[in-house]
Amino acid sequence: MSLGGLTVFALALASPLVATEARAEFRVCNGTQNLVGVAIGYRAKEGWITEGWWQVPATTCATLIEGELQSRYYYLYAEDAARGGRWTGNVNMCVAENEFKITGVQDCFARGFQRMGFKEYDTGRQGSWMVQLSDTPGTQEGQN
């Protein structure tokens, strides 16, 4: 598969966790063969927040938010550490090169941050959510 630019084709399956799962959380599972860096964005009492980086090794999952989800919408951005591919969307938010927690999504560059496009996930107010990242061509979303 050709990387052709900055984007790796991604299959992003977003689904509520099975009802038998006792823990509420937002998880990202890396279905690729490479390390992936992940950042999340969400709306909180103090405004828009972006946090990162979670390093998610190949074929593993990471919990980005523990406990019952407080928002309906969450935003995700991820980068393949080895191949440089990205999972992106059209919602611009701020990120930093190293570990970060940033309040606000305006004036990213002026505040010393980078601006990246995050993909929106509508959890439908589910208490838990999981996103599966893959380098399979095409983009699909589904709920179970």
Side-chain angles (χ1 to χ4, degrees), residues 1-17 21 23-144:
M1 174 188 335
S2 169
L3 288 179
L6 298 176
T7 304
V8 169
F9 289 108
L11 171 67
L13 295 175
S15 62
L17 296 178
E21 180 71 37
R23 293 176 16 201
E25 59 192 9
F26 191 104
R27 291 172 54 86
V28 173
C29 293
N30 177 3
T32 75
Q33 296 303 309
N34 297 313
L35 177 68
V36 173
V38 179
I40 192 168
Y42 54 91
R43 184 97 169 141
K45 291 176 188 170
E46 60 269 29
W48 288 103
I49 303 290
T50 52
E51 292 185 67
W53 295 102
W54 282 266
Q55 301 299 310
V56 187
T59 68
T60 67
C61 298
T63 299
L64 278 55
I65 297 176
E66 293 184 13
E68 193 79 14
L69 299 181
Q70 300 300 308
S71 296
R72 176 175 177 174
Y73 297 98
Y74 288 86
Y75 303 84
L76 205 67
Y77 172 82
E79 292 184 355
D80 181 317
R83 298 188 302 186
R86 298 177 182 181
W87 291 265
T88 65
N90 59 5
V91 178
N92 290 323
M93 296 185 158
C94 303
V95 298
E97 193 163 323
N98 297 312
E99 185 177 333
F100 65 91
K101 182 173 183 178
I102 301 169
T103 301
V105 294
Q106 301 299 324
D107 303 318
C108 297
F109 299 119
R111 296 190 295 146
F113 304 119
Q114 298 170 322
R115 186 178 69 195
M116 296 296 178
F118 282 61
K119 180 172 176 53
E120 180 181 86
Y121 291 92
D122 181 351
T123 67
R125 298 227 178 260
Q126 297 286 327
S128 294
W129 199 259
M130 184 191 71
V131 175
Q132 175 75 38
L133 299 176
S134 171
D135 55 6
T136 304
T139 301
Q140 298 178 6
E141 291 184 27
Q143 290 187 358
N144 294 344

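A quick note: this is a predicted structure, and the numbers were derived from the prediction, not measured. Along the sequence shown, the residues carry numbers beginning at 1.
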Side-chain donor-acceptor pairs of residues 34-47 under 3.5 Å, sequence neighbours excluded:
residue : atom : partner : partner atom : Å
N34     : ND2  : D80     : OD2          : 3.1
Y42     : OH   : E51     : OE2          : 2.4

Inter- and intrachain pairs under side chain to side chain donor-acceptor pair (under 3.5 Å), touching residues 65-78, at least two apart
R72-D122, Y75-E120, Y77-E79, Y77-R86
Can you give me the closest heavy-atom contact between T59 and Q33, atom names plus distance?
CG2-NE2, 3.7 Å
When rounded to the nearest 0.5 Å, the distance separating OG1 of T32 from CZ of R83 is 7.0 Å
Could you list all the disulfide bond (SG atoms under 2.5 Å apart) pairs where at least one residue sits in residues 44-86, not counting sequence neighbours?
C29-C61
Starting at CG of L76, measure out to CH2 of W129 and round the result to the nearest 0.5 Å.
12.5 Å
Which heavy atom in S128 sits nearest to a heavy atom in A24, and how many Å separate them?
OG-CA, 2.9 Å
Step through the shown structure and confirm whether more than 12 heavy atoms of other residues, nucleotides or ligands are within 6.0 Å of CZ on R115.
no
Quick one: side chains of residues 90-109, donor-acceptor pairs under 3.5 Å with protein atoms, not counting sequence neighbours, listed by atom name and distance.
none

Please confirm whether the backbone N or O of I65 pairs with a side-chain atom of T63, one donor and one acceptor, at under 3.5 Å?
no
Mind checking what makes side-chain contact (heavy atoms from CB on, under 4.5 Å) contact with A62, not counting sequence neighbours?
V56, L64
